[in-house]
Amino acid sequence: MQAGNVLILGQGAREHALAQALAESRWVRELWAAPGNPGLTQVARLSPAATIEAWVDLAESVGGLTVVGPEAPLAAGLADRLRARGLPVVGPGAEVARLESSKIYAKSVMAEMNIPTARAIAVDSVDALASQVRREWPLPVVIKEDGLAQGKGVTIVRSEDDWAAFLLHEATAKSSSRWIVEEYLEGREVSIEVLTNGRDYVWLPAAVDHKRLTAAPGSPNTGGMGAYSPVPWLTEDDRRRIDAKVLGPLIAYLQEHRIDYRGVLYVGCMMTEDGPYVLEFNVRLGDPEAAVVLARINDDLYPWLAELAEGRLLATTLPVSKQAAVAVVVASEGYPSEPRVGRAIRMGRTIARARVLHAGTKLVNGSLVSGGGRVLTVVGLGPDLAAARTTAYAAVDEIALEGAVVRRDIGAEFDSVG
Ligand code: AMP
Ligand code: GLY
């Protein structure tokens with residue numbers, strides 16, 4: 001292994017977590033991030049570059065490994081552009097990035113490979129939703145906007161009142177012109193992430209995200225309000241079934257179609273009474289999952305990513321720490337629909353025991369203020385989830401942000417354990 005420079009693209013807590021992990025590497029010479037956020041300045045040099053063109057130029061001048069955090073640049077072909085210039089990059093090309101950006105493509109892949117997923121149809125008009133779908137599909141039913149929505153374009157219709165509200169909203173907001181209608185799956189959700197070169201794969205620690213704004217069933221979907229890892233309720237048998245029914249067939253698809261995949265593959269799995277069902281594929285690390293997943297990797301991350309960019313896996317298993325991790329998102333008042341930004345952020349003393357990852361923060365005249373929906377992700381570590389949770393919330397309670405929205409129940413079910 002040779003030491004090298006690394007460029008991290010993106011500006012959220014996921015990128016801050018990647019940067020923290022890579023800053024600890026003995027192999028990383030210069031660490032760069034673009035466009036980054038104020039938290040990233042603690043560990044990386046920042047460039048304001050924020051377009052595909054500017055990122056390609058920056059990657060060339062940094063002259064090392066590029067790690068693409070979010071999905072949009074991957075869907076836009078950034079990884080293809082970098083590879084065409086001979087630059088190593090972690091992240092798949094545009095063709096296969098459609099696994100995330102096009103739910104219709106993802107469904108067609110799953111149908112071809114017999115990967116269990118909810119029965120679904122594509123619908124092109126509000127009229128068809130209002131007449132045919134409303135009449136024929138039993139409740140509850142799930143309606144998703146096609147395209148990148150970061151988990152926000154999903155509505156679960158549980159009643160006739162929900163139908164009326166949804167149709168009214170779509171008729172006026174015109175937020176989408178194409179929807180996927182899906183049967184509702186009952187079960188527990190888990191985020192499975194692997195490093196893959198398209199032929200083999202290595203599991204990252206499994207994690208659980210909390211996608212809804214609050215624990216209430218009808219609460220709106222968000223980008224994710226908190227996460228924990230490990231996942232004590234995920235059994236060895238569950239893992240074998242995920243390998244056999246989901247990951248194995250998906251890798252077979254990549255091979256059959258000669259798709260060169262070098263990056264993270266994320267499977268949002270619903271564990272039902274009939275085993276795993278795929279809710280979604282993502283072609284990058286989850287956020288907030290990355291905060292807990294990367295914290296539990298007990299190895300230098302750089303060699304894994306550098307090898308992956310060359311199409312190789314460093315080893316057959318990844319060393320995972322026995323420590324548990326709990327991440328709690330501090331979001332702006334009004335998130336996810338209308339986050340209020342520009343408010344002062346102050347942090348107290350016990351913060352030192354947790355890791356605070358920045359997402360939507362800004363420096364204005366040297367003071368830290370909120371600048372987005374999800375503002376900070378606070379990560380607690382400990383010998384078990386209960387301890388990790390205590391550490392995370394102690395730090396959250398020392399953060400002052402007017403109107404902050406925080407879920408208090410991340411990992412709460414493990415409080416009585418250990
Ligand atoms: P997606 O962006 O497709 O992952 O959907 C976002 C969230 O909506 C998921 O993480 C689930 O919590 C929920 N969801 C999506 N599809 C279904 C389904 N078919 N049944 C139950 N819940 C779902
Ligand atoms: N936390 C879910 C996602 O990153 O898509």
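When a ligand or atom number is given, it counts from 1 through the structure's own listing order. As the structure is a prediction and not an experimental result, all values here were calculated from the model. Just the heavy atoms: all of them, side chains too, but no hydrogens, waters or symmetry mates, feed the values below.
- The residue from Arg119, Glu145, Glu280, Glu189 that puts a heavy atom closest to atom 12 (O) of ligand 1 is Glu189.
- Between Arg262 and Asp260 there is a salt bridge, with a side-chain nitrogen of the basic residue lying less than 4.0 Å from a carboxylate oxygen of the acidic one.
- Taking 4.0 Å as the cut-off, Gly224 does not count as a neighbour of ligand 2 on heavy-atom distance.
- Every atom of ligand 1 with a heavy atom of Lys144 under 4.0 Å away is listed here by number and element: 1 (P), 3 (O), 15 (C), 16 (N).
- In summary, Arg134 and Glu160 engage in a salt bridge, as defined by a charged side-chain N under 4.0 Å from a carboxylate O.
- Under a 4.0 angstrom heavy-atom cut-off, Gly223 registers as being in contact with ligand 2.
- Close approach of ligand 2 to Gly286 is summarised as follows: ligand atoms under 4.0 Å from at least one heavy atom of the residue are 4 (O).
- The structure places OH of Tyr184 at 12.0 Å from CG of Leu139, a figure rounded to the nearest 0.5 Å.
- With salt bridges taken as basic N to acidic carboxylate O contacts below 4.0 Å, one links Glu53 and Arg81.
- A salt bridge between Glu182 and Lys107 is present, with a side-chain N of the basic residue lying under 4.0 Å from a carboxylate O of the acidic one.
- One finds a salt bridge joining Arg188 and Glu413 here, because a Lys/Arg side-chain nitrogen approaches an Asp/Glu carboxylate oxygen to under 4.0 Å.
- Below 4.0 Å from some heavy atom of Asn221 lie the following atoms of ligand 1, by number and element: 7 (C), 8 (O).
- Taking each of Val181, Leu279, Thr272 in turn, the one with a heavy atom nearest to atom 23 (C) of ligand 1 proves to be Leu279.
- Atoms of ligand 1 lying under 4.0 Å from at least one heavy atom of Glu183, given by number and element, are 18 (C), 19 (N).
- The closest approach between Arg212 and ligand 1 falls below 4.0 Å for a heavy atom of the residue.
- Residue contacts with ligand 2: Arg14 is placed with no nitrogen or oxygen under 3.5 Å of a nitrogen or oxygen of the ligand (distance criterion only).
- Partner of Leu401 under the side chain to side chain contact (heavy atoms under 4.5 Å, CB included) criterion, chosen from Val375, Thr361, Val369, Val406: Val375.
- At a threshold of 4.0 Å, the pair Arg343-Glu333 counts as salt-bridged, since one of the basic side-chain nitrogens sits closer than that to a carboxylate oxygen.
- Close approach of ligand 1 to Lys211 is summarised as follows: ligand atoms under 4.0 Å from at least one heavy atom of the residue are 10 (O).
- By the 4.0 Å heavy-atom criterion, Arg284 is counted among the residues contacting ligand 2.
- Taking every heavy atom of Val142 and a limit of under 4.0 angstrom, the matching atoms of ligand 1 come to 16 (N), 17 (C), 18 (C), 19 (N), 20 (N).
- With a heavy-atom cut-off of 4.0 Å, Glu193 does not touch ligand 2 at all.
- Remark: ligand 1 atoms within the under-4.0 Å shell around heavy atoms of Met270 are 21 (C), 22 (N).
- Scanning all heavy atoms of the two residues, the minimum distance from Gly372 to Val341 falls at N-CG1, 3.4 Å.
- Contacts between Asn282 and ligand 2, counted as non-hydrogen atom pairs separated by less than 4.0 Å, involve the side chain only.
- We find that Glu145 and Lys103 are not joined by a salt bridge, their nearest charged nitrogen and carboxylate oxygen being 4.0 Å or further apart.
- Under 4.0 Å is where a charged nitrogen must lie from a carboxylate oxygen, and between Glu289 and Lys211 no such pair does.
- Judged by the shortest distance from any of its heavy atoms, Pro288 lies inside the 4.0 Å radius around the atoms of ligand 2.
- Considering both main-chain and side-chain atoms, Glu289 comes within under 3.5 Å of ligand 2 through a nitrogen or oxygen pair.
- Contacts between Leu185 and ligand 1, counted as non-hydrogen atom pairs separated by less than 4.0 Å, involve both the backbone and the side chain.
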